[in-house]
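Throughout, numbering of the chain's residues begins at 1 and tracks the sequence. Start at 1 and go down the list; that is how both ligands and their atoms are numbered. These numbers come from the heavy atoms of this one structure, side chains and all, not from hydrogens, waters or symmetry mates.
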Amino acid sequence: MLVIGELINGMYKAVGTAIEARDKGAIQKIARDEIAAGANMLDVNTGPYAKDPKDVMKWLVESIQEVCDAPLALDSTKADVIEEGLKIVKKKAMINSTNADNAKLDVLVPMAKKYNASLIGLTMAKTGIPRDRHERMEHAANIVTKCQEVGFNTSDLYLDPIVLPVNVAQSQGIEILESIREFKLLCDPSPKTVVGLSNASQSTKQRPLINRTYLIMAIACGLSAAIMDPLDQDLMHAAVTAELILNKTIYCDSFLDAHKK
Ligand code: THG
């Protein structure tokens, strides 16, 4: 499974402060820590309150690339902010994200193709959060159709069922897990799947436990990637072990250490 480190996000107070002060060292430390902990890719989100999000995205990407060469997931609701990052990334990037609205798809699918980036497709539209697996599948089908029209390879598409907090949307858990299974049947080559894992535990009292259990269940449903906290070692170990049990890696007594290398 692809581990996308979630920690470079202006939503975190310390990161928001570092962005405002243009404290490059603070951002670079987070990037190094995430990679050292086993992240394969880093999510880069300016946060909701950045004054000049295009400028912040450029600064974040430049700062991170000075110290690590991991690929980046450019996380913004604004296409022009994402494109600012795409122009300067050194590795194949991920666009995070488009939703299923045609107005967004018409911009972001060609952008993903132009820059040879992978693309996250949120299975929601401006009509609101999806209510069940059927609504998620309808949105997913719309996203897949657009990719096929544009000639964007669906194996570079990551469908996101939108993980919701278990404390306010408890009935959605099973809908989300079943969606992960169903998305893969939509087309050939099969689209991939991704979740924003920490959404699941927001404002709960058992965040690590909920994140860990959610991730293992999603991996069992075939999850391809998760935006998550790579510094949570129990979480990382659980993911590695889940993939071992699914026979995706070969068992050895030191499988946790082996995975780190
Ligand atoms: N799908 C996609 N992208 C996403 C999400 C998604 N990007 C953003 C988000 N969801 C995933 N990343 C996070 C990052 C942090 C938190 C949750 C999801 C988080 N932050 C603390 C909180 O809100 O409690 C911040 C606490 C602090 O201020 O220190 O939980 O679903 N494609």
Side-chain angles (χ1 to χ4, degrees), residues 1-20 26-27 30-31 33-34 37 39 41-50 53 57 60 71-79 81-82 85 93-101 104-105 108 112 117-125 128-130 136 139-140 143 156-169 172-173 175-177 179-180 183 191-212 214-215 218 223-232 235:
M1 190 196 61
L2 184 74
V3 174
I4 306 170
E6 73 179 3
L7 297 174
I8 300 178
N9 188 320
M11 185 204 292
Y12 289 100
K13 253 189 220 114
V15 177
T17 308
I19 289 173
E20 258 184 51
I27 301 298
I30 301 171
D33 289 349
E34 289 195 276
M41 188 184 273
L42 302 180
D43 195 59
V44 183
N45 185 316
T46 64
Y49 308 115
M57 179 59 85
L60 283 171
L72 304 177
L74 306 168
D75 187 354
S76 175
T77 52
K78 301 192 182 89
V81 174
I82 290 171
M94 185 179 277
I95 291 178
N96 186 12
S97 52
T98 180
N99 63 16
D101 285 320
K104 286 210 93 169
L105 289 167
L108 285 155
S118 49
L119 174 65
I120 295 180
L122 304 178
T123 54
M124 63 181 286
I129 299 286
R136 287 178 170 84
H139 292 313
I143 295 167
D156 272 339
L157 174 65
Y158 288 75
L159 292 170
D160 184 334
I162 321 277
V163 166
L164 300 168
V166 293
N167 60 346
V168 293
Q172 292 300 308
E175 302 300 317
I176 289 158
L177 293 168
S179 297
I180 292 169
F183 287 161
K192 296 189 167 71
T193 50
V194 64
V195 294
L197 185 66
S198 300
N199 301 0
S201 63
Q202 267 174 326
S203 304
T204 69
K205 301 275 180 213
Q206 298 284 353
R207 296 204 70 170
L209 179 62
I210 291 169
N211 291 342
R212 192 155 77 238
Y214 213 113
L215 182 63
L223 186 73
S224 322
I227 303 163
M228 58 187 248
D229 178 3
L231 304 190
D232 180 342
L235 180 64

Give me the residue, atom name and distance of the protein heavy atom closest to [atom].
atom                    : answer
atom 5 (C) of ligand 1  : Gly196 CA, 4.0 Å
atom 26 (C) of ligand 1 : Tyr12 CD2, 4.0 Å
atom 12 (N) of ligand 1 : Glu6 OE1, 3.8 Å
atom 23 (O) of ligand 1 : Gln202 NE2, 3.0 Å
atom 2 (C) of ligand 1  : Asp160 OD2, 3.2 Å
atom 7 (N) of ligand 1  : Asp75 OD2, 2.9 Å
atom 17 (C) of ligand 1 : Ser198 CB, 3.5 Å

Fill in: Contact check: Asn96 vs ligand 1, nitrogen or oxygen atoms, below 3.5 angstrom
yes
Discussion item. With nothing but distance in play, are any N or O atoms of Asn199 less than 3.5 Å from an N or O of ligand 1?
Written reply: yes
So if I count the atoms of ligand 1 from 1 in the order they appear, which ones are less than 4.0 Å from some heavy atom of [X]?
X      : value
Met11  : 15 (C), 16 (C), 19 (C), 20 (N), 23 (O), 28 (O)
Ile227 : 2 (C), 3 (N), 4 (C), 11 (C), 32 (N)
Arg207 : 19 (C), 21 (C), 22 (C), 24 (O), 30 (O)
Lys13  : 28 (O)
Ile120 : 32 (N)
Leu122 : 32 (N)

Worksheet item: Step by step, would you call Thr204 with Asn167 a side chain to side chain donor-acceptor pair (under 3.5 Å)?
Response: CA-CA 7 Å; Thr204 69; Asn167 60 346; over 6 Å; no
Discussion item. Side chains of Val194 and Asp160, heavy atoms from C-beta outward: is any pair under 4.5 Å?
Written reply: yes
Practice prompt. Answer whether the closest heavy-atom distance between the side chains of Ser224 and Leu2 falls below 4.5 Å.
Written response: no
Worksheet item: In this structure, are over 12 heavy atoms from other groups packed under 6.0 Å from Glu20 atom CD?
Response: no
Practice prompt. Report the C-alpha distance between Tyr214 and Met228 in whole Å, list the side-chain angles of each, state the deciding distance to 0.1 Å, and finish with yes or no for side-chain contact (heavy atoms from CB on, under 4.5 Å).
Written response: CA-CA 11 Å; Tyr214 213 113; Met228 58 187 248; over 6 Å; no
Worksheet item: Do Asn96 side-chain atoms and Ala73 backbone N/O form a donor-acceptor pair below 3.5 Å?
Response: no
Worksheet item: Is it the case that Asp232 and Asn211 place a side-chain donor and acceptor less than 3.5 Å from each other?
Response: no
Worksheet item: Atom CD of Gln206 and atom CZ of Arg212: how far apart are they, to the nearest 0.5 Å?
Response: 9.5 Å
Response to the item:
Rounded to the nearest 0.5 angstrom, the CG-CD1 distance for Asp101 and Ile143 is 9.5 Å
Worksheet item: In this structure, which one of Gln172, His139, Arg136 forms a side chain to side chain contact (heavy atoms under 4.5 Å, CB included) with Ser179?
Response: Arg136
